Amino acid sequence: MFVLIWITALMMIISKYMDCITTANRVKHPSQEQNPFARMLMSKYGIQPVIWGIFALTVLIVLTAIWLVYNVYSDTESQILFIFLGMTISIFQFAVALSNKTGKLNIFTKVIAAFYYLIKRR
């Protein structure tokens, strides 16, 4: 279980890094960002600082989650949940990076786009 938890954490960080790199290369104006919260932050603080601030926040969250899964929620069920959720997040982040790179939506980014559409309609 120890190895799976660390692989999951590494995958979350690598996938977020790939997302950030491809976003940094793609987004030249905040209006190009699909995430409404990130777009607002980019308009206020700049594109690059927000992208890399989000990456730093992601690393902090992942490290905190690892600490929690070992020290507070150390039961097997919590560790399995961490692995499942972490790998799911990684898949979506890799899909976003691929979409950024190719300029084409894939099945995962279509789900994210639909979610943002629902938020926008509220």
Side-chain angles (χ1 to χ4, degrees):
M1 193 68 76
F2 176 85
V3 172
L4 287 176
I5 289 169
W6 281 99
I7 289 171
T8 301
L10 189 60
M11 294 304 288
M12 285 192 287
I13 291 170
I14 290 170
S15 63
K16 179 48 85 175
Y17 179 76
M18 297 303 295
D19 177 7
C20 289
I21 285 287
T22 57
T23 299
N25 289 334
R26 182 186 60 81
V27 174
K28 304 301 179 205
H29 189 273
S31 65
Q32 294 174 292
E33 174 56 48
Q34 294 298 311
N35 181 326
F37 183 66
R39 183 172 49 241
M40 183 266 305
L41 291 175
M42 287 176 178
S43 294
K44 189 171 183 174
Y45 300 108
I47 296 167
Q48 296 300 319
V50 169
I51 290 171
W52 298 111
I54 289 171
F55 177 71
L57 180 61
T58 298
V59 171
L60 181 64
I61 290 169
V62 169
L63 293 175
T64 301
I66 289 171
W67 182 85
L68 287 168
V69 92
Y70 283 125
N71 296 293
V72 179
Y73 304 103
S74 57
D75 57 287
T76 303
E77 293 83 7
S78 295
Q79 292 177 345
I80 290 170
L81 182 61
F82 173 83
I83 293 165
F84 175 75
L85 290 176
M87 286 299 183
T88 302
I89 290 166
S90 296
I91 289 167
F92 274 88
Q93 288 178 159
F94 277 127
V96 169
L98 179 62
S99 185
N100 285 342
K101 182 81 172 157
T102 64
K104 297 177 182 176
L105 292 177
N106 53 57
I107 191 165
F108 298 101
T109 52
K110 286 178 183 177
V111 169
I112 296 168
F115 176 73
Y116 290 147
Y117 176 75
L118 290 175
I119 290 174
K120 191 176 182 179
R121 290 192 61 205
R122 291 183 113 194

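As the structure is a computational prediction, the values presented were derived from the model and not from experiment. Heads up: numbering here begins at 1 and tracks the sequence.
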* To do: Indicate yes or no: at least one non-hydrogen side-chain atom of I66 is less than 4.5 angstrom from one of Y70.
  => yes
* **Side chains of F94 and I14 in contact at under 4.5 Å (non-hydrogen atoms)** => yes
* Asked: CD1/I21 to NZ/K101 distance, rounded to the nearest 0.5 angstrom?
  -> 10.5 Å
* **OG1-CD1 distance between T23 and I51, expressed to the nearest 0.5 angstrom** => 5.5 Å
* Asked: Just by distance, do the side chain of Q32 and the backbone of H29 share a donor-acceptor pair under 3.5 Å?
  -> yes
* Asked: S78 side chain to S74 main-chain N or O, any donor-acceptor pair under 3.5 Å?
  -> no
* Asked: In this structure, are over 12 heavy atoms from other groups packed under 6.0 Å from Y116 atom OH?
  -> yes
* Connected via hydrophobic side-chain network under 4.5 Å: V62 and W6 -> yes
* **L10-I91 co-clustered via ILVMFWY side chain contacts under 4.5 Å** => no
* To do: Using a 4.5 Å cut-off on heavy atoms from C-beta on, say whether the side chain of V27 contacts that of M42.
  => yes
* Is the closest side-chain donor-acceptor distance between N106 and S99 under 3.5 Å? -> no
* **Q79 vs Y73 side-chain heavy atoms within contact, under 4.5 Å** => no
* Side chain of S90, backbone of M12: donor and acceptor closer than 3.5 Å? -> yes
* What pairs with F92 under ring-ring contact (aromatic ring centres under 6.0 Å, His included), at least two apart in sequence or on another chain? -> F108
* More than 12 foreign heavy atoms under 6.0 Å from CH2 of W52: is that the case here? -> yes
* Look at the side-chain heavy atoms of Ile, Leu, Val, Met, Phe, Trp and Tyr, link any pair under 4.5 Å apart, and say whether M87 and I112 land in one connected group. => no
* What is the minimum heavy-atom distance between I13 and F55, and which atoms define it? -> O-CE1, 3.6 Å
* Within a strict 4.5 Å, meaning less than it, do heavy atoms of the V50 and K44 side chains meet? -> no
* T22 and N25: side-chain donor and acceptor closer than 3.5 Å? -> no
* Other residues, nucleotides, ligands: >12 heavy atoms within 6.0 Å of F37 CZ -> no
* Asked: Between atom CD1 of I7 and atom CZ of F2, what is the distance when rounded to the nearest 0.5 Å?
  -> 10.5 Å
* To do: Heavy atoms only: give me the nearest E33-R39 pair and the separation to one decimal.
  => O-NH1, 2.6 Å
* To do: Tell me whether I107 is reachable from V96 by hopping between hydrophobic residues (I, L, V, M, F, W, Y) whose side-chain heavy atoms are closer than 4.5 Å.
  => yes
* Approximate separation, where rounding is to 0.5 Å, of T88 OG1 and M11 CE -> 12.0 Å
* **Interatomic spacing from CD1 in I83 to CE in M1 - rounded to 0.5 Å** => 5.0 Å
* Asked: Does one hydrophobic cluster hold both I119 and L41, with members joined at side-chain heavy-atom distances below 4.5 Å?
  -> no
* Distance from I5 atom CD1 to I80 atom CD1, nearest 0.5 Å? -> 9.5 Å
